[in-house]
Amino acid sequence: AQQSLVFNDPYARRGGLGASSAQFVLLAKYLGWTDPWKLWLAYRELTYSPEGLSPSGADVMAQWLGGITYFEAKTRILERYRWPFPELILGLIHTGHKVATHYHLRNINLAPVQIERLSKSAFTAKLALQDGNLSVFIAALRDYAQQLLQLGYVAEHTQRLLAQLRGRRLGLFAKGCGALGADVVLVILNKQQRAVLARWCEQQQLQLLYCDNVLAEGV
């Protein structure tokens with residue numbers, strides 16, 4: 001007998017929030033899958049592209065595992081971390097724009113040395129997260145974001161939004177997320193700045209989707 005599943009998108013089909021990955025993960029859960037690497041291999045097979053880069057599957061693994069997920073496909077590392085900075089919260093601002101990831105990936109051409117440098121920054125951030133070292137964590141994130149900017153992988157509207165946040169000193173760090181960082185801007189800020197960020201987003205007619213440090217547990 002045929003079966004059908006209905007996906008209720010709480011964000012009303014706004015781009016950049018992982019809806020397609022969530023559908024894939026929830027279907028795997030519905031089918032009784034328990035091995036995240038089986039999930040990843042199936043996703044990679046379905047999304048393989050002979051042009052440019054294929055999707056890494058990191059978003060799928062993060063939704064499966066929950067929390068702050070560190071994922072390294074080459075060495076089969078999949079780890080979850082808690083948020084070790086209780087005085088800081090995470091703000092997610094929707095830009096109102098969307099860049100299709102599969103089109104973006106077709107145009108990526110990174111040299112091995114560039115990939116290695118990005119990976120090094122991500123690994124440094126992971127170690128700092130483990131140790132609860134805020135200064136090293138923020139420095140590693142900034143280095144990663146600066147590399148993407150230098151490579152030309154940050155959308156112009158995101159660059160303008162990030163400049164406005166810096167000008168108002170809203171948060172310790174901000175970065176665009178999604179293809180070209182176009183869809184959502186992540187802001188790491190002190191709890192005392194929550195109301196200020198909310199007012200600023202309202203003034204700019206931007207939607208503040210989330211502003212807290214409680215993380216989902218995955219499936």
Side-chain angles (χ1 to χ4, degrees), residues 15-18 21 36-37 40-41 43-44 47-65 67-81 83-85 90 92-93 95 97-163 165-166 171-188 215:
L17 297 168
S21 299
W37 294 107
W40 179 73
L41 288 171
Y43 180 79
R44 289 280 289 178
T47 59
Y48 169 77
S49 173
E51 302 176 24
L53 296 178
S54 296
S56 68
D59 52 345
V60 168
M61 301 298 261
Q63 293 203 39
W64 180 271
L65 197 62
I68 301 174
T69 299
Y70 180 79
F71 166 61
E72 191 175 302
K74 185 177 181 180
T75 53
R76 291 291 182 98
I77 295 176
L78 182 62
E79 300 169 342
R80 180 172 64 185
Y81 298 99
W83 181 245
F85 311 115
L90 309 170
L92 297 177
I93 304 170
T95 66
H97 297 269
K98 169 64 180 171
V99 172
T101 302
H102 56 287
Y103 288 122
H104 168 58
L105 290 175
R106 288 178 185 174
N107 299 315
I108 289 183
N109 184 22
L110 290 174
V113 65
Q114 294 169 325
I115 296 174
E116 179 64 25
R117 188 181 171 195
L118 286 166
S119 298
K120 183 178 179 180
S121 297
F123 185 72
T124 300
K126 183 199 85 154
L127 293 180
L129 199 65
Q130 285 178 294
D131 297 337
N133 191 323
L134 179 60
S135 60
V136 174
F137 180 64
I138 295 296
L141 294 181
R142 286 174 177 165
D143 184 58
Y144 191 97
Q146 183 62 29
Q147 290 178 61
L148 292 180
L149 180 62
Q150 292 173 348
L151 290 168
Y153 292 145
V154 182
E156 289 186 7
H157 67 266
T158 300
Q159 293 184 43
R160 291 193 295 270
L161 181 54
L162 293 174
L165 289 167
R166 286 194 299 270
L172 301 177
F173 171 76
K175 176 187 175 297
C177 304
L180 293 179
D183 311 329
V184 175
V185 168
L186 163 70
V187 185
I188 299 177
L215 302 177

(request) Go through Val184 and Thr95 one step at a time and tell me if the side chain to side chain contact (heavy atoms under 4.5 Å, CB included) criterion holds. (result) CA-CA 6 Å; Val184 175; Thr95 66; 5.9 Å; no

(message) Using side chain to side chain contact (heavy atoms under 4.5 Å, CB included), reason through Val185 and Thr158 one step at a time and then give a plain yes or no.
(response) CA-CA 8 Å; Val185 168; Thr158 300; 4.2 Å; yes

(message) Go through it in stages, so that I can follow the logic: the residues are Phe71 and Ile77, the test is side chain to side chain contact (heavy atoms under 4.5 Å, CB included), and I'd like the CA-CA distance, side-chain angles, deciding distance and then a yes or no.
(response) CA-CA 6 Å; Phe71 166 61; Ile77 295 176; over 6 Å; no

(request) Give the intermediate values and the outcome of side-chain hydrogen bond (donor to acceptor under 3.5 Å, both in side chains) for residues Gln146 and Tyr144. (result) CA-CA 5 Å; Gln146 183 62 29; Tyr144 191 97; over 6 Å; no

(request) Would you sort out whether Leu90 and Ile188 count as a side chain to side chain contact (heavy atoms under 4.5 Å, CB included), showing the intermediate values? (result) CA-CA 5 Å; Leu90 309 170; Ile188 299 177; 3.9 Å; yes

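Here the side chains of Met61 and Leu65 are not in contact, with every heavy-atom distance at 4.5 Å or above. In this structure, the side chains of Trp40 and Val60 stay at 4.5 Å or more apart for every pair of heavy atoms. Residues Leu186 and Ile93 have side chains not in contact (no heavy-atom distance under 4.5 Å, counting atoms from C-beta outward).
Sorted by first then second residue, the salt bridge (Lys or Arg N to Asp or Glu O under 4.0 Å) pairs that include residues 125-141, not counting sequence neighbours, are Glu79-Lys126.
In terms of modelled atom types and a separation under 3.5 Å, the side chain of Gln63 and the main chain of Ser21 share no donor-acceptor contact. Side-chain N or O atoms of Thr47 include one that pairs as donor or acceptor with a backbone N or O of Tyr43 at under 3.5 Å.
Taking the ring centroids of Phe137 and Phe173, they lie at or beyond the 6.0 Å cut-off.
A donor-acceptor contact closer than 3.5 angstrom is absent between the side chains of Ser119 and Glu116.
Atom CZ of Arg80 is separated from atom OG1 of Thr69 by 7.5 Å, given to the nearest 0.5 angstrom. Considering CG of Leu129 and OG1 of Thr124, their distance stands at 12.5 Å, rounded to 0.5 Å. The distance from the CG atom of Leu180 to the NE2 atom of His97 is 12.5 Å, given to the nearest 0.5 Å. Between the CG atom in Leu141 and the CG atom in Leu172 there is a gap of 10.5 Å [rounded to 0.5 Å].
Taking both residues in full, the closest heavy atoms of Glu72 and Trp37 are given as O-CH2, 4.3 Å, listed atom of the first, atom of the second, then distance.
When the shell of 6.0 Å around CD of Gln150 is examined, it contains more than 12 heavy atoms from other residues, nucleotides or ligands. Surrounding CZ of Phe123 are at most 12 heavy atoms belonging to other residues, nucleotides or ligands under 6.0 Å away.
A salt bridge is absent between Asp143 and Lys120; no separation between the charged side-chain nitrogens and carboxylate oxygens falls under 4.0 Å.
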